[in-house]
Enquirer: 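After the structure tokens below, expect a handful of questions from me.
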Amino acid sequence: MINKKFGLLTVLEETNKKASGNIIYKCQCECGNIVEVNGAFLRSGKTKSCGCLRGIVAKETHSNPIIGRTFGKLTVIKETKDRSGPYIVYECKCSCGSIVKVSSHNLSSGNT
């Protein structure tokens, strides 16, 4: 399990703790937080982040502050109805003139 990725969490190490017979793992979230998570919750997909993902999804659902913002060479034009997991997918215009669809996660993380 060490170095495996589950959602936004990367497993760092096993702890000496167990819950319901399952190993508890120390994980690092993409946001930087360190959390301990039941291995069964990681494998089942029940736990995907330190809790920050709930805030991201809620924020994206209730407001859309990135329309018009530029990320690298991409300017966000509009929200699409597409989703990439829990993330909104936006239509963006590249400085070269191309139009591409990019998830909010890939925009904010710099992956695209």
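Note that this is a predicted model, so its numbers are computed, not measured.
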Enquirer: Restricting to non-hydrogen atoms, name the atom on Glu14 and the atom on Ile2 that form the minimum distance, rounded to 0.1 Å.
Expert: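 Residues Glu14 and Ile2, closest heavy atoms: N-CD1, 3.8 Å.
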
Enquirer: So that I can tick it off, tell me whether Arg83 and Glu79 are bridged by a salt bridge, with the cut-off set at under 4.0 angstrom between side-chain N and carboxylate O.
Expert: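 Judged by the 4.0 Å cut-off on N to carboxylate O distance, Glu79 and Arg83 do form a salt bridge.
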
Enquirer: Donor-acceptor pair, Ser20 side chain versus Asn22 backbone, under 3.5 Å?
Expert: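 Side chain of Ser20 to backbone of Asn22: no pair is present.
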
Enquirer: Quick one: does any side-chain atom of Ser44 pair with a main-chain N or O of Ala40 as donor and acceptor, under 3.5 Å?
Expert: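 Side chain of Ser44 to backbone of Ala40, a donor-acceptor pair under 3.5 Å: yes, one is there.
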
Enquirer: Which atom pair, heavy atoms only, marks the closest approach of Ser104 to Tyr90?
Expert: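 That would be CB-CE1, 3.7 Å.
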
Enquirer: Quick one, Cys27 and Leu42 - any side-chain contact, counting heavy atoms below 4.5 Å?
Expert: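 Counting from C-beta outward, Cys27 and Leu42 do come under 4.5 Å.
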
Enquirer: Test side chain to side chain contact (heavy atoms under 4.5 Å, CB included) on Leu107 and Ile66 and set out the steps.
Expert: CA-CA 10 Å; Leu107 286 169; Ile66 72 168; 4.1 Å; yes

Enquirer: Looking at every non-hydrogen atom in both residues, tell me the closest pair between Asn38 and Ala19 and how far apart they are.
Expert: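 Result for this residue pair: ND2-O, 3.5 Å.
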
Enquirer: Is there a side-chain contact between Lys81 and Val89 (heavy atoms, below 4.5 Å)?
Expert: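 Not touching, per the 4.5 Å side-chain cut-off.
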
Enquirer: Hey, is Glu30 close enough to Lys5 for a salt bridge, meaning N to O under 4.0 Å?
Expert: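 Counted as a salt bridge, because a side-chain N and a carboxylate O are separated by less than 4.0 Å.
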
Enquirer: Under a 4.5 Å cut-off applied to non-hydrogen side-chain atoms, are Thr15 and Tyr25 in contact?
Expert: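 A side-chain contact under 4.5 Å is absent here.
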
Enquirer: For Phe6 and Thr47, run side chain to side chain contact (heavy atoms under 4.5 Å, CB included): C-alpha distance rounded to whole Å, both residues' side-chain angles, the deciding distance at 0.1 Å, then the answer.
Expert: CA-CA 8 Å; Phe6 298 88; Thr47 302; over 6 Å; no

Enquirer: Tell me, do Val11 and Gln28 make a side-chain contact under 4.5 Å, heavy atoms counted?
Expert: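 Not in contact.
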
Enquirer: Find the distance between CG (Asn33) and SG (Cys50) and round it off to the nearest 0.5 Å.
Expert: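 That separation rounds to 4.0 Å.
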
Enquirer: Nearest 0.5 Å please: distance from the OG1 atom of Thr80 over to the CD1 atom of Ile88.
Expert: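 If I round to the nearest 0.5 Å, the distance is 8.5 Å.
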
Enquirer: Would you call Glu36 and Lys26 a salt bridge, using N to O less than 4.0 angstrom?
Expert: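 No, Glu36 and Lys26 are not salt-bridged.
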
Enquirer: Quick one, Leu8 and Cys31 - any side-chain contact, counting heavy atoms below 4.5 Å?
Expert: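 Result no, sub-4.5 Å side-chain heavy-atom pair not found.
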
Enquirer: Determine whether Leu9 and Met1 fall in the same hydrophobic cluster, where Ile, Leu, Val, Met, Phe, Trp and Tyr are linked whenever their side-chain heavy atoms lie under 4.5 Å apart.
Expert: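 Yes, Leu9 connects to Met1 through the hydrophobic network.
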
Enquirer: Can you check whether Asn106's main-chain N or O pairs, donor with acceptor, with Ser103's side chain at less than 3.5 Å?
Expert: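 Present.
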
Enquirer: In Å, rounded to the nearest 0.5 Å, how long is the span from OG of Ser108 to OH of Tyr87?
Expert: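 Ser108 OG to Tyr87 OH: 7.5 Å, rounded to 0.5 Å.
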
Enquirer: Would you say Ile99 and Glu91 make side-chain contact, with heavy atoms under 4.5 Å?
Expert: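 A side-chain contact under 4.5 Å exists here.
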
Enquirer: Given side chains that start at C-beta, do those of Thr10 and Lys4 come closer than 4.5 Å, heavy atoms only?
Expert: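 Heavy-atom side-chain distance check fails, nothing below 4.5 Å.
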
